[in-house]
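Working notes for the structure below.
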Amino acid sequence: MTYHTPVLLKEVVNQLQPRRGGLYVDCTVGGGGHAREILRACGPEGQLIGLDWDDEAIAASRERLSEFGARVQLVRASYVELERVLMSLGVTVVDGVLFDLGVSSRQFDEPGRGFSVLRDGPLDMRMSRQLGATARDILRTASLEELAKIFRVYGEEKRSRAVARTIVAERERAPLETTTQLARLVEQVLGPKRGAIHPATRVFQGLRIAVNNELANLRQGLDVATRFLQSGARIAVISFHSLEDRIVKRFFVEKSSGCICPPELPVCGCGRKETLRIVTKKPVTADETEVGVNPRARSAKLRVAEKI
Ligand code: SAH
């Protein structure tokens, strides 16, 4: 079974333009699909540092990338810790960075991880086993308000309060333990499945983002990664839903706009300088052929910026 089919593979390599002998960082190395192509493109001396939060991803990419020997270094860490990781490896500048967000197909398809609304498993949803609270813990301890907010803001679920109210009523009787229990409960509130998407999909998305603190991590990760880019080096980010894409877009816009002082001010007081140039005015998306073979590519958006 393949671990994960990388999305927008050619596009990522085209955009990062790996140069021979360069040093690249894959912040979400997963099964190593993108990493492998980057390593090929920057060979025979180029190097790659791959991070992932998940032990299993590190094990899988270690195997997949073994042919590259010492050209690859894999570290189990969150990309939020990128600075510490790079310092410990003695790295001060890099030639390109990739973020491929979200969960891998392997994580998603493994019932024991609790990510999929369609597979019966424990309500876990932690990308890293080092994380404390699982989805089950949040469902058990969060207040009605907090749950509603998770479903509304992170899940973009319109009937967030109704779902939260039902969960709070239900947990008085017995704690929610499994994905199937949660999926059924949400279905009772929102009505049965219409079309291809399960009614509890958005609730699951909201919980996953909360468990892994995904949006705050992304903001921080982009910031740290950008600081390590060499002048002319690129940062490429693939996102899978609008909340993530908005963060990436705003980050790039902010970093690519300089002084924000009012024009009547004779000298700049804000001190803001542009650090990035946006390469993709519009996000790059997958073509029909790719979506045909890999449905996960349907919602993928690639944005790229270059260090000034
Ligand atoms: N590009 C990879 C697939 C990446 S899937 C490939 O070609 O195989 C996304 C990966 O990001 C998952 O393995 C997940 O564990 C990891 N991830 C998510 N959040 C992370 C974080 N904060 N730090 C490090 N890795 C993270």
Side-chain angles (χ1 to χ4, degrees), residues 1-13 15-16 18 24-41 48-66 68 72-86 96-110 112-116 124-132 154 205 207-225 235-241 243-244 247-248 286 290 293-294 296-297 299-302:
M1 195 175 81
T2 49
Y3 190 93
H4 177 92
T5 308
V7 303
L8 297 168
L9 185 56
K10 256 198 238 107
E11 291 81 354
V12 163
V13 176
Q15 291 290 347
L16 282 180
Y24 296 86
V25 177
D26 186 341
C27 286
T28 53
V29 72
H34 288 106
R36 179 155 77 169
E37 290 311 308
I38 294 169
L39 278 157
R40 283 188 178 151
L48 181 131
I49 297 168
L51 277 70
D52 204 292
W53 229 358
D54 187 346
D55 300 300
E56 286 166 36
I58 293 296
S61 50
R62 184 154 286 142
E63 199 178 312
R64 183 129 186 233
L65 303 174
S66 59
F68 299 102
V72 197
Q73 276 172 302
L74 297 167
V75 185
R76 198 202 60 72
S78 167
Y79 54 65
V80 167
E81 305 164 80
L82 184 64
E83 177 163 8
R84 178 184 64 71
V85 171
L86 293 181
V97 176
L98 171 66
F99 288 84
D100 177 16
L101 304 171
V103 289
S104 66
S105 309
R106 170 61 62 88
Q107 290 169 326
F108 194 78
D109 291 341
E110 169 62 49
R113 305 296 296 262
F115 287 112
S116 170
D124 190 326
M125 301 197 193
R126 288 170 305 163
M127 285 189 197
S128 160
R129 308 217 195 250
Q130 318 291 315
L131 280 163
Y154 297 158
Q205 175 185 305
L207 276 171
R208 194 199 89 197
I209 292 177
V211 167
N212 298 287
N213 196 19
E214 287 176 41
L215 304 184
N217 285 351
L218 175 57
R219 263 181 232 113
Q220 211 179 324
L222 294 175
D223 205 52
V224 185
I235 175 169
V237 189
I238 305 173
S239 65
F240 290 89
H241 54 76
L243 296 168
E244 286 172 345
I247 290 173
V248 181
E290 181 173 358
V293 290
N294 184 8
R296 208 182 103 87
S299 48
K301 289 200 168 107
L302 168 66

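Atoms within a ligand are numbered from 1 in the order they appear, just like the ligands themselves.
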Check: So, for Gly30 and Asp52, which heavy atoms are closest and what is the spacing to 0.1 Å?
Finding: N-OD2, 2.9 Å
Could you pull out the N/O contacts under 3.5 angstrom between ligand 1 and the surrounding protein atoms?
| unit_1 | atom_1 | unit_2 | atom_2 | d |
| --- | --- | --- | --- | --- |
| ligand 1 | 1 (N) | His34 | ND1 | 2.8 |
| ligand 1 | 1 (N) | Asp100 | OD2 | 2.7 |
| ligand 1 | 7 (O) | Gly33 | N | 3.2 |
| ligand 1 | 7 (O) | His34 | N | 3.1 |
| ligand 1 | 7 (O) | His34 | ND1 | 3.3 |
| ligand 1 | 8 (O) | Gly31 | N | 3.0 |
| ligand 1 | 8 (O) | Gly32 | N | 3.4 |
| ligand 1 | 8 (O) | Gly33 | N | 3.4 |
| ligand 1 | 13 (O) | Asp52 | OD1 | 3.4 |
| ligand 1 | 13 (O) | Asp52 | OD2 | 2.7 |
| ligand 1 | 15 (O) | Asp52 | OD1 | 2.7 |
| ligand 1 | 15 (O) | Gln107 | NE2 | 2.8 |
| ligand 1 | 22 (N) | Ser78 | OG | 3.2 |
| ligand 1 | 23 (N) | Tyr79 | N | 2.9 |
| ligand 1 | 25 (N) | Trp53 | N | 3.3 |

Item checked: side-chain hydrogen bond (donor to acceptor under 3.5 Å, both in side chains) against Asn213, all qualifying residues, sequence neighbours excluded -> none
Next item on the list: Would you mind telling me which of Arg113, Arg106, Arg76, Arg62 makes a salt bridge (charged side-chain N to carboxylate O under 4.0 Å, His left out) with Glu56?
Entry: Arg113
Next item on the list: Search all heavy atoms of Ile58 against all heavy atoms of Gly50 and return the closest pair with its distance.
Entry: CD1-O, 4.4 Å
Margin query: If the condition is side chain to side chain contact (heavy atoms under 4.5 Å, CB included), which residues does Leu9 pass it with, not counting sequence neighbours?
Written below: Pro6, His34, Glu37
Checklist line | Residue list, side-chain hydrogen bond (donor to acceptor under 3.5 Å, both in side chains) with Arg36, at least two apart or on another chain | finding: none
